[in-house]
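Have a look at the structure below, then the notes.
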2 protein chains.
Amino acid sequence: MNTSLEEKLRKKSIKPTAMRLLVLQCLMEQNRALSLNELEVLFENADKSTIFRTLKTFQENYLVHRINDGSGAIKYALCDDDCICSLEDNHIHFLCTKCEKTYCLKDTPITTPNLPNGFRANFANYLIEGICSACS
Amino acid sequence: MNTSLEEKLRKKSIKPTAMRLLVLQCLMEQNRALSLNELEVLFENADKSTIFRTLKTFQENYLVHRINDGSGAIKYALCDDDCICSLEDNHIHFLCTKCEKTYCLKDTPITTPNLPNGFRANFANYLIEGICSACS
DNA sequence: AGAACTTTGCAATGGCATTGCACTCCTTAA
DNA sequence: TTAAGGAGTGCAATGCCATTGCAAAGTTCT
């Protein structure tokens, strides 16, 4: 049906199934990071493990990245088109402590600091907690 | 016995008990962030919940801060003396993906970026994963 | 249509944080 | 000195979330 969604999956070598298209569409519409539980609620008739495996597939193919925002549940957000989830692709995430929503701040790049001698960085997760624009 | 440890607790209004002194001593010696499980192993004869509550007490009195390093287990590290765990006290944490140890990089301050309009920061957690100096 | 593979649903399982309850220990007031 | 009350501890659950084994359903290919 929605050719652009299918195309997005195919570009990442993911076979488009009904479930996958729905999850992808949902992630695009929400434009923020969603937890497995949030998706489970949105798709009441789908099983948790199916959604979990869908997200796992997405992640393995660099379609989404996992975000640990300390809320207890891992959240998932869409990657940029050419993302390979390397250090350069890492960006700041913002967790609103009021509405519990997590946003990717892709326009706010992470400045990687100088590390002490002998320390090498492979991955960065910069989380900021506070109040989002909708809640303030 | 160890007056300086007791003093450290009293300064933070924590009544020094045997368990608390042991946990504090351990955190000072290790000089890194420890998980509940790691402490449990070190103090085999102490109960998990006791250590948990010890750490909770420490945290409530700004003696330790909790670190979510994405390893699945929360880790605990000593605060600086005058820490009140505010945004200014936040610092970078480094998780070595080889030895799984987490370090506070207190000498590497977090530069808080400009946030989009309407976003206000209260807390920052900047985690870097990579290889530590001991493992590289 | 049938074989092989993929995806999905259901029902565990496991790890970790957290808590209720009872027991012990310590302090305090009579 | 002793009784009472509070704080600290240990044990045994509980709950939440991620993850997985297995079988059923769907898909693809011949």
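Lettering of chains follows the sequences in order, A, B, ..., and the numbering in each one begins at 1. Bear in mind that the values here come from a model prediction, so they are computed numbers and not experimental data. The figures here come from the full heavy-atom set of this structure, side chains too, leaving out hydrogens, waters and symmetry mates.
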Mind listing the side-chain donor-acceptor pairs of residues 12-20 of chain A below 3.5 Å, one per line with the distance, residues two or more places apart or on another chain?
residue, atom, partner, partner atom, Å
Lys12(A), NZ, Tyr62(A), O, 2.9
Lys12(A), NZ, Asp81(A), O, 2.9
Thr17(A), OG1, Arg20(A), N, 3.3
Arg20(A), NH1, Lys15(A), O, 2.8

Quiz item: Distance from Lys101(A) atom NZ to Leu34(A) atom CG, nearest 0.5 Å?
Solution: 9.5 Å
Quiz item: Are the side chain of Asp69(A) and the backbone N or O of Ser71(A) linked by a donor-acceptor pair below 3.5 Å?
Solution: yes
Quiz item: Is a side-chain N or O of Ser136(A) found less than 3.5 angstrom from the main chain of Ile131(A), in a donor-acceptor match?
Solution: no
Exercise. May I ask you to verify if any side-chain N or O of Thr50(A) is less than 4.0 angstrom from the OP1 or OP2 atom of dT7(C)?
Key: no
Can you give the donor-acceptor pairs under 3.5 Å from side chains of residues 83-98 of chain B to other protein atoms, not counting sequence neighbours?
residue, atom, partner, partner atom, Å
Ser86(B), OG, Glu88(B), N, 3.4
Ser86(B), OG, Glu88(B), OE1, 2.9
Ser86(B), OG, Asp89(B), OD2, 3.4
Asp89(B), OD2, Ile84(B), N, 2.9
Asp89(B), OD2, Cys85(B), N, 3.1
Asp89(B), OD2, Ser86(B), N, 3.2
Asn90(B), OD1, Ala124(B), N, 2.8
Asn90(B), ND2, Ser86(B), O, 3.3
His91(B), ND1, Asp89(B), O, 3.1
His91(B), NE2, His65(B), NE2, 3.2
His91(B), NE2, His93(B), NE2, 3.1
His93(B), NE2, His65(B), NE2, 3.2
Thr97(B), OG1, Gly130(B), O, 3.2
Lys98(B), NZ, Cys135(B), O, 3.4

Exercise. Can you tell me the distance, in whole Å, between the CD atom of Glu44(A) and the C1' atom of dG9(C)?
Key: 16 Å
Practice problem: Could you encode protein contacts along nucleotides 16-21 of chain C as a string, one character per nucleotide from 5' to 3', using B for base contact, S for sugar-phosphate-only contact and - for no contact, with a heavy-atom cut-off of under 4.0 Å? | Solution: SSSBB-
Quiz prompt | Letter per nucleotide, 5' to 3', of nucleotides 24-30 of chain D [B base touched, S only sugar-phosphate touched, - untouched; heavy atoms, 4.0 Å] | solution = -------
Exercise. Take atom CG of Leu39(B) and atom P of dG10(D), then tell me their distance rounded to the nearest Å.
Key: 14 Å
Quiz prompt | Non-neighbouring partners of Asp47(B) that pass salt bridge (Lys or Arg N to Asp or Glu O under 4.0 Å), sequence neighbours left out | solution = none
Quiz item: Can you tell me how far the CG atom of Leu55(B) sits from the OH atom of Tyr76(B), to the nearest 0.5 Å?
Solution: 5.5 Å
Quiz prompt | Whole-Å gap separating C1' (dA7(D)) and CD1 (Ile14(B)) | solution = 14 Å
Practice problem: Could you tell me the separation between the CD1 atom of Ile51(B) and the C1' atom of dC11(D), rounded to a whole number of Å? | Solution: 14 Å
Exercise. Quickly work out the Arg20(A) CZ to dT6(C) P distance and round it to whole Å.
Key: 11 Å
Quiz item: Atom CZ of Phe43(A) to atom C1' of dG9(C): distance rounded to whole Å?
Solution: 16 Å
Quiz item: Atom CG of Leu21(B) to atom C1' of dT9(D): distance rounded to whole Å?
Solution: 15 Å
Exercise. Any chance you could measure Ile67(B), atom CD1, to Cys104(B), atom SG, to the nearest 0.5 Å?
Key: 4.0 Å
Self-check item: Euclidean distance, atom CG of residue Asn45(A) to atom P of dG9(C) [Å, nearest integer]
Solution: 8 Å
Quiz item: Which pairs pass side-chain hydrogen bond (donor to acceptor under 3.5 Å, both in side chains) with one or both residues in residues 35-45 of chain A, sequence neighbours excluded?
Solution: Arg32(A)-Glu38(A), Ser35(A)-Glu38(A)
